Visitor: 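Take a look at the following structure, please.
Letters go in sequence order (proteins before strands), and every chain restarts at 1. Below, each value reflects all heavy atoms present in this structure, side chains not excepted, and no hydrogens, waters or symmetry copies. Every value quoted in this text rests on a predicted model; they were computed, and no experiment measured them.
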There are 2 protein chains.
Amino acid sequence: MTGEGRARFERIYALLRSRICLLDYPPGVRLREEDLAKEFETSRTPIRRVLARLEDEGYLRSVHGVGTIVTDIDIASLEQVYRLRVELSELIGKLSPVTPDEEAADLFGAMRARCEALAKSPNQRAFAQLNMDFFHLLMTLTENEPLQEFSERLYYQTTRIWLKTAAGLDGYEDTLASEIDFFLREVSDIATAVACGALETVGQIRRAHVAMSFARLKARARGDALPEDS
Amino acid sequence: MTGEGRARFERIYALLRSRICLLDYPPGVRLREEDLAKEFETSRTPIRRVLARLEDEGYLRSVHGVGTIVTDIDIASLEQVYRLRVELSELIGKLSPVTPDEEAADLFGAMRARCEALAKSPNQRAFAQLNMDFFHLLMTLTENEPLQEFSERLYYQTTRIWLKTAAGLDGYEDTLASEIDFFLREVSDIATAVACGALETVGQIRRAHVAMSFARLKARARGDALPEDS
DNA sequence: GATGGAGTAGTTGTACACAAGGTTGCGAAT
DNA sequence: ATTCGCAACCTTGTGTACAACTACTCCATC
C-alpha cells in the first residue's frame, strides 16, 4: 500500500479511532461496513482494511454474520493496561527526550489556558478533545517512535473507558467537573515543568496523575465516595 | 472475523512472522500474495488480511505495482526500539508476575540444557529457534497481556536484525559461537533466578543482557563500515 | 554505442458478486 | 400462554475480475 491510497487509509483510520476515543462510537455500538463505505465514498474493501487494523489493535471486534462492534473492557483487563501505561508514562522524560524550546512552552501554556476556560464551563465533549490534544502535545516531548506508538495504543484504550465514567455514561453525573479540576492541576504542573525544561519531572508528574486517575476510576467502579480534594 | 477463519488467520500470521524472525524471509525479500495464497490453499483475500497486519506492525512494506517486501531497519531506528525494549524487559518481574512452580523451573532447566548442547555444535538456525523459544518461555512469567504483546513486537523487530549480524549474513562469520556463549550465560543466570523464585532478579538480568546484546551489535556495526555490494 | 520511449509483463489495490453465518420474528404445536 | 422450529433478512468473509501502477525490455533514433 502506497501513495494516495495510503493517505486515505491513514485519514479514515485516525478519524474512526478518534470517534471511538471521543465516544462518538461508544462501546457496544455496531458499525456497518456498507455505511462507512458510503460515507467515505469508496467500496467495502478499503474500509475493511481500516477496520482490520482497528480490530488488531483492540478497538473493534468483527463477528461474522453479526457486525463490527466497538469493544468494551472489564475492569480486570483495564488494570493490566493501566499498570503498563503508568510505567510507560515516565519513560517520556527518559527515552530520547527533546529539549523544549520556547514555542513548546507556549503550547503548554495555551493548553493550560484552554483548561482553565473549560473548568469554568464544563463540557464533556470539549473535555474529551482537550484531553486528547494534551496527550498528543506530550508525545512531542520524545522522539522515540515505538514509545509514541505504544503510548498511543494504551492512551486510546484506557481513556475512552475512563471518559465513559467521568462523563456520566455509566451513572456518574457529578464526576465531570471534578475530573476537569484534577486535569487542570496536571496540565498546570506539567506546563510549569516544561517551562523549566525539566523533562524527567514531566514524566514523573504524568506517571503520578495516570496512576491517580486509575485509582479514582476503580473507586467509582466500586461505588465508593470520591475523596474530597483539599 | 471469528471462528474457523480466525484460527486460520492466526496460524498463517504466526507462521509468516516466525519465518521473518528466523530469516527464512530475510530483509529485502519480496513476497507475492499469489504464491502465499497457493501455499495456504486459499485466495488472496485472507492472505492480504495477514499481510496488512504484518505491515501495520512494521515487518513488511507493500508497494503498489511492485510487491510486498520484508523491511530492513537502519541502526538509528533500531536504537530507539532497543532502548524501549531494555525498559520493558525489566517490567516482566514487576507487572503481574506469576510465581513460578516446579514445572516452570524445569522448563527453564531444559532450556539451559538445550543451550549447552547448542554451544557444543553451533548452528545458526537452531540458535534462532532456541532464542525464540526462550523468549516465549520468559513471557509466561507475566500475566500482563499488553506487556506480552508489546514485548513480542519489540523482540521480533530487533532479534531478526540482530540475528542477521550474529549469523554472518552481514559479513560477520565469527560471531555466532560468541553470541551463543553469551546467550548460554543469560539462560543459565535466568534459570537459576527462576528456580529461586526471584522474578525481579529475572527482569534485571534480562534487562542487562538485552542492553549488552545491543552494545555488541553497535560495536560490530561501527567496526565494519564495509560497502554494500549490489 | 548511448539514449529515449513505447510496449509488455507482472504485482498490488479496488470493486463487486456470492458464500457463510447469525439474528429476529412469526406461526404452529403442545 | 409457551415453546420449538423454520424461514426471511441482514452482516461479515471469500473469491475473482479488473484497474492502477511499476519495472524491465527492446528497438528506433541520434
Visitor: For nucleotides 24-26 of chain C, which of its nitrogen or oxygen atoms have a protein nitrogen or oxygen under 3.5 Å away, and what is each distance?
Guide:
none

Visitor: I want to confirm an ordering. Mapping A/V66 and A/R49 to their closest nucleotides on DNA chain C, which one lands closer to the 5' end?
Guide: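 It is A/R49, whose closest nucleotide lies nearer the 5' terminus.
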Visitor: State, yes or no, whether a side-chain contact exists between B/Q124 and B/F127 at a heavy-atom distance under 4.5 Å.
Guide: no
Visitor: Can you sort out the partners of B/S43 under side-chain contact (heavy atoms from CB on, under 4.5 Å), two or more places apart, ordered by chain and number?
Guide: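 By the side-chain contact (heavy atoms from CB on, under 4.5 Å) rule, B/S43 matches B/T45, B/P46.
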Visitor: Which residues pass the salt bridge (Lys or Arg N to Asp or Glu O under 4.0 Å) test with A/E57, sequence neighbours left out?
Guide: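 So A/E57 forms a salt bridge (Lys or Arg N to Asp or Glu O under 4.0 Å) with A/R53.
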Visitor: Which ones in residues 52-65 of chain B lie close to DNA chain C, meaning a heavy atom under 4.0 Å from one of its atoms?
Guide: B/S62, B/V63, B/H64, B/G65
Visitor: Could you pull out all residues at least two apart from B/E152 that satisfy side-chain contact (heavy atoms from CB on, under 4.5 Å)?
Guide: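 side-chain contact (heavy atoms from CB on, under 4.5 Å) list for B/E152, sorted by chain: B/R17, B/F135, B/H136, B/Y156.
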Visitor: For A/R11, what residues pass the salt bridge (Lys or Arg N to Asp or Glu O under 4.0 Å) criterion, not counting sequence neighbours?
Guide: none
Visitor: Can you say whether a donor on the side chain of A/R44 sits under 3.5 Å from an acceptor on the base of D/dG13, or the other way round?
Guide: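 Such a pair is found, so the answer is yes.
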Visitor: Counting only heavy atoms not in B/E34, do more than 12 sit closer than 6.0 Å to its CD atom?
Guide: no
Visitor: Between B/R8 and D/dT14, is there a contact of a side-chain N or O with OP1 or OP2 at under 4.0 Å?
Guide: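 Checking D/dT14 against B/R8, a side-chain N or O does come within under 4.0 Å of OP1 or OP2.
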Visitor: Listed by chain and number, what are the salt bridge (Lys or Arg N to Asp or Glu O under 4.0 Å) partners of A/R160, not counting sequence neighbours?
Guide: none
Visitor: Quick one: list whatever passes salt bridge (Lys or Arg N to Asp or Glu O under 4.0 Å) with B/R207, sequence neighbours left out.
Guide: B/E87, B/E90
Visitor: Please give, in whole Å, the distance from C/dT14 P to A/I47 CD1?
Guide: 10 Å
Visitor: Got a sec? Which of residues 23-43 of chain B come in under 4.0 Å of DNA chain C, heavy atoms?
Guide: B/R30, B/L31, B/R32, B/E33
Visitor: Measure CD1/B/I69 against C1'/C/dT11 and give the value in whole Å, please.
Guide: 10 Å
Visitor: May I have the distance from B/R48 (atom CZ) to C/dT14 (atom C1'), rounded to whole angstrom?
Guide: 9 Å
Visitor: For B/E149, what residues pass the side chain to side chain donor-acceptor pair (under 3.5 Å) criterion, not counting sequence neighbours?
Guide: A/R153
Visitor: Strictly by salt bridge (Lys or Arg N to Asp or Glu O under 4.0 Å), give each pair with a member in residues 60-78 of chain A just once, sequence neighbours left out.
Guide: A/D72-A/K164
Visitor: How do A/G67 and A/T45 order along DNA chain D: which one's closest nucleotide is nearer the 5' end?
Guide: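 Looking at the nearest nucleotide for each, A/G67 comes out on the 5' side.
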Visitor: Sequence neighbours left out, what pairs pass salt bridge (Lys or Arg N to Asp or Glu O under 4.0 Å) with at least one residue falling in residues 132-144 of chain A?
Guide: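 Sorted result for residues 132-144 of chain A: A/R114-A/D133.
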